[in-house]
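These numbers come from a predicted model, not from an experiment. The chains referred to below are lettered A, B, ... by the order of the sequence lines, with proteins before strands, and numbering in each begins at 1.
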Amino acid sequence: MAVPYNHHEVEQKWQKIWDDEQAFKVSEDYSKPKYYALVEFPYPSGAGLHVGHPRPYTALDIVARKRRMQGYNVLYPMGFDAFGLPTENYAIKNHIHPRIVTRNNVARFKEQLHALGYSFDWDREVNTTDEEYYKWTQWIFLKLFKAGLAYKSEMPINWCTSCKVGLANEEVVNGVCERCGSAVVRKVKSQWMLKITEYADRLIQDLDGVDYVERVKVSQKNWIGKSQGAEVDFTISGKEDKLRIYTTRPDTLFGATYMVVSPEHPLIDKYKEEIGNYEQLCAYREQAAKKSDFERTELAKDKTGVQIRGLTATNPVNGKEIPIWISDYVLMTYGTGAIMAVPAHDERDWEFAKKFGLPIIEVVAGSPVSVQEQVFTDVATGTLVNSEFLNGLSVADAKERIIAFLEEKGIGTSKTNFKLRDWVFSRQRYWGEPIPIVNCEKCGYVPMDENELPLTLPEVESYEPTDNGESPLAAMTEWVNTTCPCCGGPARRETDTMPQWAGSSWYFLRYMDPHNKEALASQEALKYWMPVDWYNGGMEHTTLHLLYSRFWHKFLYDQGVVPCPEPYQKRTSHGMILGLNPHSFVNQTQEEQKRLVEQYGSEKAARAALVEEFGEMAEHPIVKMSKSLGNVVNPDEIVEEYGADTLRTYEMFIGAFDMSAAWSEDGVKGCRRFLERVWKLQDILVEGEDYSADLETRMHQTIKKVSGDYENLKYNTAIAAMMALINDMNKKGAVTKGEYRTLLTLLNPVAPHITEELWQICGFAGKIYQTSWPEYEEAKTVEATVEIAMQIGGKMRGTFSIPQDLDKEQVIAQAKELLGDKLTGTIVKEIYVPGRLVNIVVKP
RNA sequence: GCUGGUGUGGCGGAAUGGCAGACGCAGCAGACUCAAAAUCUGCCGAGGGCAACCUUGUGUGGGUUCAAGUCCCACCACCAGCACCA
């Protein structure tokens, strides 16, 4: 009998052996085929590793381990994205330097990751807060600055009232701060901006050449929001000036009955003398400015606006004079900040026209209902009317025709617009990369000399942000006051720091050559390792990190720093690990449910009572894990009680990798039992390197299934296949050494410790991590005899077994014989699907 | 509202158009045990039948097909992202 499976001993033993042997050290031999597997590096929070972290890490650890066994030189690195607000806030609260907080947190994370047995090459660890790392983050910023892609701009930014920091649009969720949930207001500040918009088109186009899961591609495209239309100049009646608008429906130009400009549009101030109701407009503008983004979108469903008195516009195609309004449904930040309103064919314009009694003219016919009653926006079926030379054309043809006309007359051009805005790159915080720019009174903003990098963070007394919106660095006069690199005169350093997304925008490059002092990575390393072959990360990073890092990479490509235009060849996304909601009715024990029903009279009433007490959330049985609900699972405890191999197996078995899944401790136990059964197979081990006759097909099938599933994110069915195999082995009561060896190898990427231990116990040569991946023969995955389903008219009527190679007539004949009396009526069709079924279609 | 995704036993979930429910959990019964736990064996969608079996069943309603969880059309519910982007 085997000794009992002791996961503590086994896991500690093998983790030490791997460390001592440097088992997963990346080879510098660039002649070998390479494979670069990447997971998003974590933010080392004070809470330690969450049970959600191991899911993607284990998935790609499986791929990495398998690739090594297949002979690849594998780069599977790990690091820490350690700059950021939570650390800084913790430091402020507890009066500890953020560097120390970071160091402690990183140490804890490393320990936890180590205990899970990942095959990371820790010699390549990166940390965004290391001077030797952020030196290159600053270096890239200087390149951006010199290329004119980093600029300073006075602009209204999203200001988090609690974090006291400016946020990028992407960091504002439903009008509140993504991190702390506090209200976000508009505040005008001078900010560093990055011109990501310059890359908008390429960021969409190049998605065609990469293998990203569809939903990631779609969200990137939506976020960038490309639209094709035209800009048209309307004359302001009696003036030289033109009012330029953007529209995606130039075909409806003859239907424009009024115009709308955004409240911030410069037109208003320019003609304030002639505007009869300037005061009224200003009042409206002020009101609009006070609204947060949240109010503007969520609460202001009802259209508001004011007509500009004293100014009108002229439609350039028919000379019609139309009024101009201001309204906050037109945004200054998109297009030209002005629109022509075609109420018949645009929903918002229609609502506005109805509210203010403005005329609605149909120019696209085809709606079953009058446009006075209902807006008609269908572009596929309509035909142009009331539009002179466009009459009778389809919408698509009319667009083409009108744009040609506008361009010929010089009153308009075709134009592409994007929703994407430039990236707000400054943060009024301490714990980030200093921006290596100096502000000189004479020379303006001057970049630091590259050779002087890194510009390190100075020691400050207080990390507290100031209420006037300045970074804590501003108080460091010694550090701030410097000399201009250009003229040598007195100058001030930039006191804002970079956002957290800076360091994570290029970290995958540093892993290739992490100790390089001359460059962010050597050209040889970049040429060999790029692009990342497989990058997995969370959906929440699709419009932030993923887009930002693709932008930086494209820029570095244009600069000749990196050899390829796209950083990631393949991108997948894992689902979240959720927890049970302890307040939900369905998660109560049966007794408790019964008690609640009795107490409140019915299940409905009981549920309502729970909602009353705990809020809407009580209706959702499966929710995000949170401290306040007390349903957070600590991975350390799982590793302690069941072992890392069990945790790894469970997280892979929990469900489809890309879907969210609810944690279940019973499920963990099931996976532990599975490993115990694998352990106990050593008791029925028999001599023999070959597969036994009755398991040979199963072995080949399992190798095929597991190998394929590991490549296709189907870890759950790979494990199910191995479970099924050991069930068969146990039924048979014997396993040959050859069979066991294969099973252990297949399971090794998922459960590396226990499989190495068993390998050694069985006296197999070497270590599993040094062996090669098992092969299968396609011919041997086919059963000699197959079970055939019998159907009459598509209804199941039993099964029978035949040898694989029997021909159609014989199979059908046999089926008919077995069906006997059940087969009545005239046979109209006989179908045989080889190896699967016989279907006999009869007419009564 | 738009975009994408998901609806299958008590639960997590499997099924190149071809035997729905693999695998796991929970449950039930049995073996072992003084007993419990652990372990092992068997059963396990619903309805009917002593039984062999029969009927029914993958969110709803239609359709295509010899055959539909899977394909097509229309809807419903839930989840995620976007949301006055002209």
Q: If you measure from the C1' atom in B/C73 to the same atom in B/A80, how many Å do you get, rounded?
A: 26 Å

Q: Check the orientation of A/His541 and A/His545. Use parallel for under 30°, tilted for 30 to 60°, and perpendicular for over 60°.
A: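 It falls in the perpendicular class, over 60°.
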
Q: Using the P atom as the point on both nucleotides, what is the distance between B/G4 and B/C75, in whole Å?
A: 15 Å

Q: Using a cut-off of 4.0 Å between protein heavy atoms and nucleotide atoms, how would you tag nucleotides 19-26 of chain B 5' to 3' with B, S and -?
A: B--BBSSS

Q: How far does the P atom of B/G59 sit from the matching atom of B/A52, given to the nearest Å?
A: 30 Å

Q: Where do N or O atoms of nucleotides 71-79 of chain B meet protein N or O atoms at under 3.5 Å, pair by pair?
A:
none

Q: Determine the Euclidean distance between corresponding P atoms of B/U55 and B/U6; express it in Å to zero decimal places.
A: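 One P to the other, the span is 33 Å.
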
Q: For A/Glu214 and B/U6, give me the distance from atom CD to atom P, rounded to whole Å.
A: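 Distance, rounded to whole Å: 12 Å.
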
Q: Can you say whether the rings of A/Tyr650 and A/Trp663 are parallel (under 30°), tilted (30 to 60°) or perpendicular (over 60°)?
A: perpendicular

Q: By nearest atom, which of the nucleotides B/C84, B/A86, B/G18 is closest to the A/Lys303 side chain?
A: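 Of all the options, the side chain of A/Lys303 is nearest to B/C84.
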
Q: Send over the distance from A/Lys217 NZ to B/G81 C1', rounded to a whole Å.
A: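 Computing the A/Lys217:NZ to B/G81:C1' distance gives 18 Å.
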
Q: What distance, rounded to whole Å, do you find between the two P atoms, one in B/G12 and one in B/A22?
A: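 It comes out at 15 Å once rounded to the nearest Å.
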
Q: Just call it for A/Ala656: base, sugar-phosphate, or nothing, with non-hydrogen atoms closer than 4.0 Å on any strand.
A: sugar-phosphate

Q: If pairs are Watson-Crick or G-U with both distances under 3.5 Å, what is the dot-bracket string of RNA chain B, marking crossing pairs with [ ] and pairs to another strand with |?
A: (((((((..(((.....[....))).(((((.......))))).((((....))))..(((((..]....))))))))))))....

Q: Hey, does A/Val833 reach any base, or is it just sugar-phosphate, or nothing, if we go heavy atoms under 4.0 Å?
A: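 Counting heavy atoms under 4.0 Å across all strands, the contact made by A/Val833 includes a base.
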
Q: Can you sort out the partners of A/Lys732 under salt bridge (Lys or Arg N to Asp or Glu O under 4.0 Å), two or more places apart, ordered by chain and number?
A: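 By the salt bridge (Lys or Arg N to Asp or Glu O under 4.0 Å) rule, A/Lys732 matches A/Asp694.
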
Q: By the 4.0 Å heavy-atom rule, please label A/Arg797 as base, sugar-phosphate, or nothing.
A: sugar-phosphate

Q: Which pairs, with at least one residue in residues 830-839 of chain A and sequence neighbours excluded, count as a salt bridge (Lys or Arg N to Asp or Glu O under 4.0 Å)?
A: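 Pairs touching residues 830-839 of chain A that pass the test: A/Lys816-A/Glu830.
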
Q: Indicate, with a heavy-atom threshold strictly under 4.0 Å, whether A/Ile654 touches base, sugar-phosphate, or nothing.
A: sugar-phosphate

Q: Rounding to a whole Å, what distance do you find between A/Lys415:NZ and B/A86:P?
A: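 In whole Å, B/A86 P and A/Lys415 NZ are 13 Å from each other.
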
Q: From CD of A/Glu347 over to C1' of B/A83, roughly how many Å is that when rounded to an integer?
A: 13 Å

Q: Return the value, rounded to whole Å, for the distance between atom CZ of A/Phe674 and atom C1' of B/U39.
A: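 Nearest whole value for this atom pair: 17 Å.
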
Q: Rounding to an integer number of Å, can you tell me how far A/Asn222 CG sits from B/A83 P?
A: 10 Å

Q: What is the distance, to the nearest angstrom, from the CD atom on A/Glu540 to the P atom on B/C82?
A: 12 Å

Q: Quick one: list whatever passes salt bridge (Lys or Arg N to Asp or Glu O under 4.0 Å) with A/Arg55, sequence neighbours left out.
A: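 Applying salt bridge (Lys or Arg N to Asp or Glu O under 4.0 Å) to A/Arg55 gives none.
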
Q: Which word best sums up how the rings of A/Tyr5 and A/Trp679 line up, parallel for under 30°, tilted for 30 to 60°, or perpendicular for over 60°?
A: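 Aromatic pair A/Tyr5/A/Trp679 classed tilted.
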
Q: Rounded to whole angstrom, note down the C1' distance from B/C54 over to B/U33.
A: 43 Å

Q: Considering only atom P, compute the distance from B/G81 to B/C66 and round it to an integer number of Å.
A: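 Pairwise P distance, B/G81 against B/C66, rounds to 45 Å.
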
Q: When the C1' atoms of B/G69 and B/U8 are considered, how many whole Å apart are they?
A: 7 Å

